[in-house]
Amino acid sequence: MCLRKRSGYRPPDLINAKIYTGPIPAEREGELGMGGGRSETSALSGTGGGRDMTTTQNSQRPNACCFCWCCCCSCSCLTVRNEEERRRRRRRRRKRISQDTKMETIPNCEPCTKPSVDEICLWSQSFDKLMRNPAGRNVFREFLRTEYSEENMLFWLACEDLKQEIDKSAMEEKVRSIYEDYISILSPKEVSLDARVREVINRKMQDPTPHTFEDAQLQIYTLMHRDSYPRFLSSNIYKSLVHGSSRTSSES
């Protein structure tokens, strides 16, 4: 005879089993209070302890973005720097008194004679030839003004003027003025310099000389050469000047 039949054993009917909702026995209260296991009610119904355990696990789960905290921080810093740069550009634009591109409206133009056709054509051969010619600098400055970057030329001219200063007190005053106008981050005419050049300037400011801004001048000169000069040659300002000079020369 089967042992199950002889002992009266019957397997539990899990499908038709009724859920016990009565009081918890005293011997099980301590076990549940110590976290020894979850109740059979919760196990059968799929609620209760399992949900609490899932909730606890979810609450202990780290933020989904924590694994990329460094990347997020870098992106945030980059966004802040870009926003600060945009604000500086807006301040520079608000400081413009006029956006008229006529040469005679540019304040403090260098005195120069009217350039010849040959001189104007030489400006397209090299940036050095353009910058060595006062009329060429005036025309190029006119173009920079339309791009809201006239401060680059103004800074370069100020550095050239500083190199010619002999009087020590006047030289120190010019150094201070150049720093406040073009180097300080609070200035609306601040030029774009990297951290290395700024550090060099800050060291030289302790004992200023006519060559205090030499590194910065070279960096701005290179920036104008590589960035602004190609656009200047294809601009309407330069093309109209070339065509106008050629037409005047042919008529004469």
Side-chain angles (χ1 to χ4, degrees), residues 85-86 88-116 119-165 171 173-194 197-198 200-201 204 210-242 245:
E85 179 64 23
R86 286 194 292 269
R88 287 199 293 267
R89 289 179 180 175
R90 286 197 294 267
R91 287 200 301 267
R92 288 200 294 264
R93 292 179 184 181
R94 287 196 296 265
K95 290 292 182 178
R96 312 290 174 177
I97 300 175
S98 172
Q99 294 184 3
D100 191 357
T101 60
K102 293 181 180 180
M103 181 185 290
E104 58 267 21
T105 63
I106 301 178
N108 302 323
C109 267
E110 296 181 78
C112 63
T113 58
K114 184 177 180 179
S116 63
E119 287 178 323
I120 295 174
C121 293
L122 285 176
W123 299 345
S124 63
Q125 296 181 4
S126 71
F127 185 64
D128 293 336
K129 293 179 180 180
L130 172 69
M131 293 295 286
R132 284 198 296 264
N133 189 292
R137 290 194 296 267
N138 283 335
V139 176
F140 186 58
R141 179 179 170 185
E142 176 188 357
F143 168 75
L144 293 178
R145 197 180 190 202
T146 64
E147 291 201 335
Y148 306 104
S149 57
E150 184 187 11
E151 63 273 4
N152 291 334
M153 177 63 77
L154 295 176
F155 171 71
W156 188 87
L157 292 173
C159 293
E160 289 294 300
D161 179 66
L162 176 65
K163 293 177 182 178
Q164 308 300 324
E165 187 60 58
M171 179 270 297
E173 178 63 24
K174 287 184 178 181
V175 168
R176 183 189 61 80
S177 178
I178 292 174
Y179 186 92
E180 292 178 355
D181 290 342
Y182 305 108
I183 308 301
S184 173
I185 60 175
L186 301 178
S187 173
K189 296 185 293 183
E190 177 197 3
V191 295
S192 178
L193 300 172
D194 59 34
V197 173
R198 288 185 175 276
V200 171
I201 291 175
K204 291 184 177 181
H211 302 281
T212 298
F213 305 104
E214 195 169 35
D215 293 341
Q217 185 185 18
L218 177 60
Q219 188 171 98
I220 295 301
Y221 185 90
T222 304
L223 176 64
M224 292 189 294
H225 184 192
R226 295 179 178 178
D227 185 60
S228 302
Y229 177 63
R231 292 196 300 272
F232 165 73
L233 295 180
S234 60
S235 67
N236 292 329
I237 293 178
Y238 181 69
K239 289 181 179 180
S240 61
L241 186 62
V242 172
S245 301

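Keep in mind that this is a model prediction, so the values were computed, not measured.
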Can you tell if the side chain of Leu154 reaches within under 4.5 Å of the side chain of Arg141, non-hydrogen atoms only?
-> yes
Check whether any side-chain heavy atom of Lys163 lies under 4.5 Å from a side-chain heavy atom of Glu160, and answer yes or no.
-> yes
Closest non-hydrogen atom pair, Ile178 against Cys159 | CD1-N, 4.3 Å
So how far is it from Thr222 OG1 to Asp227 CG, rounded to the nearest 0.5 Å?
-> 11.5 Å
What distance separates Leu223 CG from Ser149 OG, expressed to the nearest 0.5 Å?
-> 8.0 Å
Taking the side chain as every heavy atom from C-beta outward, state whether Met224 and Phe232 have any pair of such atoms under 4.5 Å apart.
-> no
Ser177 side-chain N/O to Lys174 backbone N/O, donor-acceptor pair under 3.5 Å | no
By ring-ring contact (aromatic ring centres under 6.0 Å, His included), which residues pair with Tyr182, not counting sequence neighbours?
-> Phe155
So, for Gln219 and Asp194, which heavy atoms are closest and what is the spacing to 0.1 Å?
-> NE2-OD2, 2.7 Å
Under the side chain to side chain contact (heavy atoms under 4.5 Å, CB included) rule, collect the residues that match up with Arg176, sequence neighbours excluded.
-> Glu173, Glu180
Heavy-atom closest pair (Leu130 atom, Gly136 atom, distance to 0.1 Å) is CD1-O, 3.3 Å
OG1-CG distance between Thr212 and Leu162, expressed to the nearest 0.5 angstrom = 6.5 Å
Are any side-chain N or O atoms of Glu142 and backbone N or O atoms of Ile237, one a donor and one an acceptor, separated by less than 3.5 Å?
-> no
Say you draw a straight line from CG of Leu193 to CD of Gln217; how long is it, rounded to the nearest 0.5 Å?
-> 11.5 Å
Do Tyr221 and Asp128 come within less than 4.5 Å of each other through their side chains, counting heavy atoms only?
-> yes
Locate the shortest heavy-atom distance separating Thr113 from Ala135; write the atom from each residue and the value.
-> O-CB, 3.9 Å
Looking only at heavy atoms, the pair that brings Lys204 and His211 closest together is NZ-O, 3.6 Å
Taking all heavy atoms of Glu165 and all of Pro210, pick out the closest pair and write down the distance.
-> O-CG, 4.2 Å
Asp215 versus Ile201: any side-chain heavy-atom pair under 4.5 Å?
-> no
State whether the side chain of Arg198 and the backbone N or O of Ile183 hold a donor-acceptor pair below 3.5 Å, judged by distance alone.
-> yes
Anything under 30° is parallel, anything over 60° is perpendicular, the rest tilted; go ahead and classify Phe140 against Tyr229.
-> perpendicular
Between NZ of Lys239 and OG of Ser124, what distance do you get to the nearest 0.5 Å?
-> 12.0 Å
Reported CG-to-CG distance for the pair Leu157 and Asn152, which is rounded to 0.5 angstrom = 11.0 Å
Are side-chain heavy atoms of Trp123 and Val139 found at a separation under 4.5 Å?
-> yes
Answer yes or no: is there a side-chain heavy-atom contact under 4.5 Å between Tyr238 and Ile120?
-> yes
